[in-house]
Each structure stands twice: as C-alpha cells, then as structure tokens.
Amino acid sequence: MKASTTRSFGGVAVITTGALLLSACGAGGGTGGGKTSLHDQLPAQIRKAGVIHVGTSLTAAPVIFRGPQGDPDGLDADIAAALEKTLGVKFEFEDVGPFANVLPGLLAQKYDVGLSGITDTREREQGVDKDGKKINDGVDFVDYFMAGIGIVVRKGNPDKIAKLDSLCGRTVAVKKGTIHDDLATGQMKACDHLGKPLKVDELETDDKALSELRDGSADAYLTDYPKAQYRSQTDGSGKDFDLAGPQLQPRPYGIAVRKSDKDLQTVLTKALNKLVADGTYDQILSKRQLSAGAVQNSVVDGS
C-alpha cells in the first residue's frame with residue numbers, strides 16, 4: 001500500500017491508506033452511456049466526506065496487521081486499497097484494539113464498516129449468541145474470501161493432535177470473541193462426555209495465545225486457517241509451530257455493514273465483483289499466497 005498517515009479520532013488511532021482519490025466520473029467505470037458510476041451510488045454522506053471509516057483490529061497477519069512502518073498491511077488492506085480506486089473515496093482504518101471490539105463499534109456507529117478478517121456467521125447476521133438469544137441488531141456481510149479454522153501446535157506435534165476430539169483432556173488457546181472461541185467452548189461438552197475435560201483459555205491477541213502455546217501453558221491454538229498457516233511458517237523461522245490436521249469448517253469472510261446501510265452494502269458488493277471481473281482480486285490473493293480462499297463472486301450473507 002502507499003504511504004499512510006496517522007491521526008487521532010476520538011482517542012483512537014486512525015490510519016489513512018493514502019491512495020489517491022479518483023474523480024467521481026472516473027470511479028467505477030464513469031458515467032458515460034447513461035450509466036451511474038459506483039461513486040455516485042455511494043450514500044450521500046460518504047460522497048460528501050470522501051471517506052469510508054473502517055473499524056479493524058490490526059492483529060491478524062496475513063489478513064490485517066501493522067506493517068513495518070505501522071501502516072495497515074495484509075489482505076484486507078490490499079482489498080481496501082483496490083476499493084478506493086474503484087469507488088473514488090478513501091478507506092480510513094481505525095484500530096479498535098481487540099477483535100471483540102470490532103462489531104460492537106460498528107453497531108454503535110463509530111465507523112461505517114468492519115473489515116478485519118470477520119467470519120460471516122448466522123449468529124452475527126441475526127445478532128444472537130451461541131444459544132440463540134438475541135443480543136443486538138445483527139449485521140450484514142459483503143463476502144469476499146473463504147477461510148476455515150486451523151489448529152496450531154508446537155513443532156513436531158508432540159501431543160499427536162489431528163482433530164477436535166484430540167483436544168479433549170488438553171488446554172486450547174483462542175482469541176476472545178471469535179468463532180474459534182465458540183468452537184472450542186462448544187467442544188467442551190463433547191470432551192466432558194468422554195471424561196476428558198477441555199480447558200479453554202480466552203485471550204485478547206494472537207501473540208498472547210501463541211506465547212501460551214510456546215511455553216507449554218496451552219497444547220494447541222485455534223485460529224483462522226490463513227493465520228495458522230502464516231504463523232507456522234514464520235514464527236521462529238518456521239521452527240516453533242506446526243499445523244495439525246485439515247482445515248475445519250470453511251466459511252466466508254465478509255465486510256460487515258449495518259443492516260440499515262443497504263445502499264453502502266449494495267455498492268460494496270458491486271465494487272468487489274468488479275475487482276473479481278477485472279482480475280485485480282486474483283492478483284491480490286496471489287500476492288498474499290491466499291489464492292486457495294478465492295471466491296467466484298461476492299454475495300451478501302453467504303454463510
């Protein structure tokens with residue numbers, strides 16, 4: 001991505017990608033031939049501001065993280081930069097800290113969208129907890145990538161972990177508020193039934209979870225497969241961790257949008273499909289070595 005700038009926004013660091021704005025008549029294919037540009041289809045307040053505010057947690061390499069200069073980096077940052085060119089507005093990232101803060105901040109109208117490797121689930125769409133109890137209004141997702149869950153273990157997999165049932169009788173680290181947290185806590189009942197209780201440590205960041213795994217406080221770490229693969233390849237130059245077993249439960253990532261913002265949802269879907277059609281999307285995934293998660297087209301709420 002291009003050079004970024006950081007400023008204060010309500011006490012939260014706001015990071016602007018710095019990509020050059022396009023003129024409204026050029027973004028999204030222009031207005032010639034009676035067609036309305038994608039820029040002109042954006043909600044009026046966003047067109048006026050020239051900015052889409054994005055809530056994120058910069059803790060999830062290679063999907064979204066801080067690059068060497070402190071700027072947003074990764075798959076989501078690349079997608080945002082491409083959308084900037086297509087829509088003719090800037091995408092400003094707000095680092096909201098722990099991942100669990102992203103969707104509550106969106107629902108509280110602190111920013112326009114959430115883009116943080118967020119898995120599209122029925123629970124998040126409907127605003128219910130894992131027991132089906134209504135907890136908020138829910139959000140819609142503009143889906144753009146497929147990813148499952150990976151199990152990270154210490155190098156050599158000393159505990160021979162290969163599937164969820166292998167976690168019974170052990171301790172697993174997860175990042176709080178994620179689908180991996182839900183999966184691990186849901187597995188506790190099955191492990192109790194087997195007489196091998198599972199302990200789940202809920203932590204704020206990937207680094208804290210991997211630190212527990214590294215020092216032996218946890219036996220495994222559950223996270224998105226792209227992150228699991230990346231950390232197993234890079235931590236300790238690939239000498240610290242391994243992936244155990246196959247990818248579990250592949251689901252789409254989505255850009256989270258409030259249900260009341262249907263116009264923004266529609267324009268983002270069209271813009272993503274334009275990136276798919278013109279080859280930009282495939283180039284981004286190839287650059288990040290994430291082509292295995294490519295989708296054929298963007299849809300809304302495809303969980």
Side-chain angles (χ1 to χ4, degrees), residues 1-2 4-5 7 9-10 12 14-56 64 72 75-96 102-103 105-118 120 125 137-145 252-281 284 295 297-302:
M1 296 183 67
K2 299 182 180 180
S4 301
T5 58
R7 61 181 176 85
F9 183 86
V12 182
V14 177
I15 307 165
T16 306
T17 59
L20 294 177
L21 282 175
L22 303 179
S23 65
C25 63
T31 57
K35 294 182 179 179
T36 304
S37 72
L38 292 179
H39 175 89
D40 290 342
Q41 295 175 45
L42 286 165
Q45 69 273 19
I46 289 177
R47 295 200 311 272
K48 182 178 180 180
V51 174
I52 292 177
H53 295 285
V54 183
T56 194
I64 188 70
L75 171 65
D76 285 353
D78 291 347
I79 292 289
L83 288 172
E84 284 185 331
K85 296 178 180 179
T86 302
L87 294 173
V89 294
K90 292 181 180 179
F91 277 58
E92 281 189 357
F93 282 86
E94 290 182 30
D95 186 3
V96 302
V102 177
L103 291 181
L106 176 65
L107 290 167
Q109 301 190 29
K110 293 182 178 180
Y111 29 83
D112 301 307
V113 301
L115 180 57
S116 195
I118 308 171
D120 176 355
E125 290 172 15
D137 291 336
V139 297
D140 286 326
F141 289 96
V142 180
D143 296 335
Y144 63 95
F145 186 72
Y253 282 173
I255 302 175
V257 184
R258 288 183 292 272
K259 288 186 176 293
S260 58
D261 292 337
K262 296 297 184 183
D263 289 346
L264 179 57
Q265 172 201 111
T266 298
V267 176
L268 288 172
T269 306
K270 290 179 179 179
L272 280 165
N273 280 320
K274 184 176 184 298
L275 297 180
V276 172
D278 68 16
T280 302
Y281 174 78
I284 291 171
V295 296
N297 60 293
S298 176
V299 299
V300 175
D301 294 343

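From a predicted model like this one, the values you see are computed outputs, not experimental measurements.
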Novice: I284: what forms a side chain to side chain contact (heavy atoms under 4.5 Å, CB included) with it, not counting sequence neighbours?
Specialist: L75, D78, I79, A82, T280
Novice: List the atom of L38, the atom of K274, and the distance in Å for their closest heavy-atom pair.
Specialist: CD1-CD, 4.3 Å
Novice: Measure the CG-CG distance between L87 and L268 for me, rounded to the nearest 0.5 Å.
Specialist: 6.5 Å
Novice: Are any of the side-chain heavy atoms of L275 and Y144 separated by less than 4.5 Å?
Specialist: no
Novice: For V276, give me all partners under side chain to side chain contact (heavy atoms under 4.5 Å, CB included), at least two apart in sequence or on another chain.
Specialist: Y281
Novice: Where do V142 and Q265 come nearest, in terms of heavy atoms and distance?
Specialist: CG2-O, 3.8 Å
Novice: Heavy atoms only: give me the nearest T86-A271 pair and the separation to one decimal.
Specialist: CG2-CB, 4.0 Å
Novice: Using 0.5 Å steps for rounding, measure from the CD1 atom of I52 to the CZ atom of R47.
Specialist: 12.0 Å
Novice: Test of understanding: with salt bridge (Lys or Arg N to Asp or Glu O under 4.0 Å), list the residues that count as partners of D76, not counting sequence neighbours.
Specialist: none
Novice: Identify, with sequence neighbours excluded, every residue that meets side-chain hydrogen bond (donor to acceptor under 3.5 Å, both in side chains) alongside E125.
Specialist: R122, S303
Novice: Working to the nearest 0.5 angstrom, can you tell me the gap between I255 CD1 and S298 OG?
Specialist: 7.0 Å
Novice: Is there a salt bridge (charged side-chain N to carboxylate O under 4.0 Å, His left out) between D140 and K262? Walk through the geometry before answering.
Specialist: CA-CA 9 Å; D140 286 326; K262 296 297 184 183; 2.8 Å; yes
Novice: What distance separates Q45 CD from D263 CG, expressed to the nearest 0.5 Å?
Specialist: 9.0 Å
Novice: Can you tell me how far the CD1 atom of I46 sits from the NE2 atom of H53, to the nearest 0.5 Å?
Specialist: 8.5 Å
Novice: With sequence neighbours left out, write down each residue that passes side chain to side chain contact (heavy atoms under 4.5 Å, CB included) with N297, or none if nothing qualifies.
Specialist: N273, V299
Novice: Can you list the residues that meet the salt bridge (Lys or Arg N to Asp or Glu O under 4.0 Å) rule with K270, with sequence neighbours excluded?
Specialist: none
Novice: Please name the pair of heavy atoms, one in A77 and one in F93, separated by the smallest distance, quoted to 0.1 Å.
Specialist: CA-CZ, 4.2 Å
Novice: Considering non-hydrogen atoms only, spot the tightest contact between G55 and V96 and give its length.
Specialist: CA-CG1, 4.4 Å
Novice: Minimum heavy-atom separation for A256 to L103, with atom names?
Specialist: CB-CD2, 3.7 Å
Novice: Assess whether side chain to side chain contact (heavy atoms under 4.5 Å, CB included) is satisfied between V102 and I118, documenting all intermediate values.
Specialist: CA-CA 9 Å; V102 177; I118 308 171; 3.9 Å; yes
Novice: Do the side chains of L42 and L264 get nearer than 4.5 Å, heavy atoms only?
Specialist: yes
Novice: Taking the side chain as C-beta and beyond, is there a heavy-atom pair between Y111 and V54 under 4.5 Å?
Specialist: no
Novice: Could you walk me through whether L115 and T56 pass side chain to side chain contact (heavy atoms under 4.5 Å, CB included), step by step?
Specialist: CA-CA 6 Å; L115 180 57; T56 194; 5.6 Å; no
